[in-house]
Amino acid sequence: YALVPYLLVYKSADALATITDYSSAAQDGALGTDVVLSSLDTLANGDSLWLGSELPFRGVLADVDAANATASVLSGHYWNGSALSALSVTDGTDAAGATFGVDGAITWTMPTDWIKTTLARAGSAAQAVNASGANLYWVRLTVSVALDSSSTLNSLMAMSRSTAYGEAVSGRVIEMTINRGVSGVAG
């Protein structure tokens with residue numbers, strides 16, 4: 001077993017002046033709710049997808065509902081304490097050059113200088129849009145070309161920073177209290 005941190009999942013189409021919060025839809029396990037990436041445009045046009053967590057995470061698992069077919073490259077950045085710095089992203093959702101074209105993992109090499117911050121500081125917005133007001137580990141995902149107008153995800157789940165998983169001994173009862181949601185776990 002492994003517990004994965006809960007993500008705040010925010011989409012902005014205007015350089016963080018406003019956001020759409022997809023946190024619940026991204027992690028509720030329901031097929032009826034989606035993370036709408038429809039026409040997610042480039043950073044130059046103010047569009048970005050922001051992922052924040054109480055703990056560092058090594059990537060996300062994307063369950064694609066309506067695939068993007070437009071060739072576009074995914075980029076990621078994190079806060080190093082003074083500026084956004086590029087992540088070394090491996091895009092497992094790439095289908096023939098189109099990011100979010102298939103289900104898959106988007107992973108990166110864990111930065112050693114990743115620092116918690118507010119979204120306002122990381123995104124250079126005028127005010128904090130992080131609903132909890134807490135410092136989090138943020139990743140900004142952007143695309144090189146606008147995605148299809150119908151692109152959606154069923155889910156977007158964080159991947160634990162560690163690849164070492166616990167194993168339950170057969171016949172043993174394990175009891176634990178788990179906080180689900182912000183500052184807790186998603187799965």
Side-chain angles (χ1 to χ4, degrees), residues 4-53 56-79 83-111 114 119-120 122-126 129-131 136-159 186-187:
V4 296
Y6 188 84
L7 285 179
L8 292 182
V9 179
Y10 295 156
K11 177 184 168 189
S12 179
D14 54 12
L16 290 177
T18 60
I19 61 162
T20 303
D21 185 350
Y22 288 109
S23 305
S24 179
Q27 298 160 109
D28 65 5
L31 295 177
T33 57
D34 284 325
V35 176
V36 180
L37 298 180
S38 300
S39 302
L40 180 69
D41 206 344
T42 64
L43 182 61
N45 289 323
D47 289 21
S48 54
L49 190 63
W50 288 86
L51 311 174
S53 175
F57 51 105
R58 65 182 167 92
V60 291
L61 294 172
D63 179 10
V64 176
D65 187 15
N68 169 53
T70 302
S72 186
V73 176
L74 186 69
S75 297
H77 291 83
Y78 71 97
W79 184 253
L84 285 168
S85 202
L87 286 167
S88 176
V89 174
T90 301
D91 186 0
T93 68
D94 181 294
T99 191
F100 296 114
V102 295
D103 297 347
I106 299 167
T107 59
W108 47 80
T109 303
M110 287 290 293
W114 198 358
L119 185 55
S124 301
V129 293
N130 175 0
L136 298 174
Y137 291 97
W138 287 102
V139 168
R140 180 185 70 193
L141 296 178
T142 57
V143 295
S144 62
V145 175
L147 305 183
D148 290 349
S149 62
S150 61
S151 301
T152 58
L153 305 176
N154 277 327
S155 65
L156 195 61
M157 299 282 290
M159 297 171 70

Worksheet item: Does the side chain of N45 pick up a donor-acceptor pair with the side chain of T42 at under 3.5 Å?
Response: yes
Worksheet item: Less than 4.5 Å apart, any side-chain heavy atom of P111 and any of Y78?
Response: yes
Worksheet entry | Contact summary for A66 and S150, nearest pair of heavy atoms | CB-O, 3.0 Å
Worksheet, complete the sentence: In this structure, CG of L141 is separated from CG of L43 (nearest 0.5 Å) by 11.5 Å
Worksheet entry | T20 OG1 to Y10 OH distance, which is reported to the nearest 0.5 Å | 11.0 Å
Practice prompt. Tell me, with the steps shown, if L153 and D65 meet side chain to side chain contact (heavy atoms under 4.5 Å, CB included).
Written response: CA-CA 5 Å; L153 305 176; D65 187 15; 5.9 Å; no
Fill in: P5 to A158 - nearest heavy-atom pair and separation
O-CB, 3.4 Å
Practice prompt. Please round to the nearest 0.5 Å and tell me the distance separating atom NZ of K11 and atom OG1 of T18.
Written response: 10.5 Å
Worksheet item: Between atom OG of S155 and atom OH of Y22, what is the distance when rounded to the nearest 0.5 Å?
Response: 14.5 Å
Item to complete: Work out which heavy atom in L87 is nearest to a heavy atom in V139; give both atom names and the distance.
Response: CD1-CG1, 3.8 Å
Worksheet entry | Residues L16, W50; criterion side chain to side chain contact (heavy atoms under 4.5 Å, CB included); working and verdict | CA-CA 10 Å; L16 290 177; W50 288 86; 3.6 Å; yes
Practice prompt. Compare all side-chain heavy atoms of Y137 with those of W114 and state whether any distance is below 4.5 angstrom.
Written response: yes
Worksheet item: If you look at every heavy atom in A146 and D41, which pair is closest and at what distance?
Response: CB-OD1, 3.5 Å
Fill in: Check: W108 ring centre within less than 6.0 Å of F57 ring centre
yes
Worksheet item: After noting the C-alpha distance and the side-chain angles of D21 and S23, does the key distance pass the side-chain hydrogen bond (donor to acceptor under 3.5 Å, both in side chains) rule?
Response: CA-CA 6 Å; D21 185 350; S23 305; 2.6 Å; yes
Worksheet item: Between D148 and A67, what is the shortest heavy-atom contact and its length?
Response: OD2-O, 3.8 Å
Side chains of residues 33-40: which donor-acceptor pairs under 3.5 Å do they make with residues two or more places apart or in other chains?
| residue | atom | partner | partner atom | Å |
| --- | --- | --- | --- | --- |
| T33 | OG1 | D28 | OD1 | 3.0 |
| T33 | OG1 | D28 | OD2 | 2.6 |
| S38 | OG | S149 | O | 2.8 |

Worksheet item: Roughly how far, to the nearest 0.5 Å, is OG of S85 from NE2 of H77?
Response: 7.5 Å
Worksheet, complete the sentence: Output for pair (T152 OG1, L147 CG), nearest 0.5 Å, gives 11.0 Å
Worksheet item: Do D91 side-chain atoms and I106 backbone N/O form a donor-acceptor pair below 3.5 Å?
Response: no
Practice prompt. Check whether any side-chain heavy atom of L74 lies under 4.5 Å from a side-chain heavy atom of F100, and answer yes or no.
Written response: yes
Worksheet item: Nearest heavy-atom pair of S48 and R140: which atoms, and what distance?
Response: CB-CG, 3.8 Å
Worksheet item: Is there a donor-acceptor pair closer than 3.5 Å between any side-chain N or O of Q27 and the backbone N or O of L7?
Response: yes
Worksheet item: Any side-chain heavy atom of W138 sitting closer than 4.5 Å to one from L8?
Response: yes
Fill in: Derivation and outcome, side chain to side chain contact (heavy atoms under 4.5 Å, CB included), residues T99 and D94
CA-CA 4 Å; T99 191; D94 181 294; 5.6 Å; no
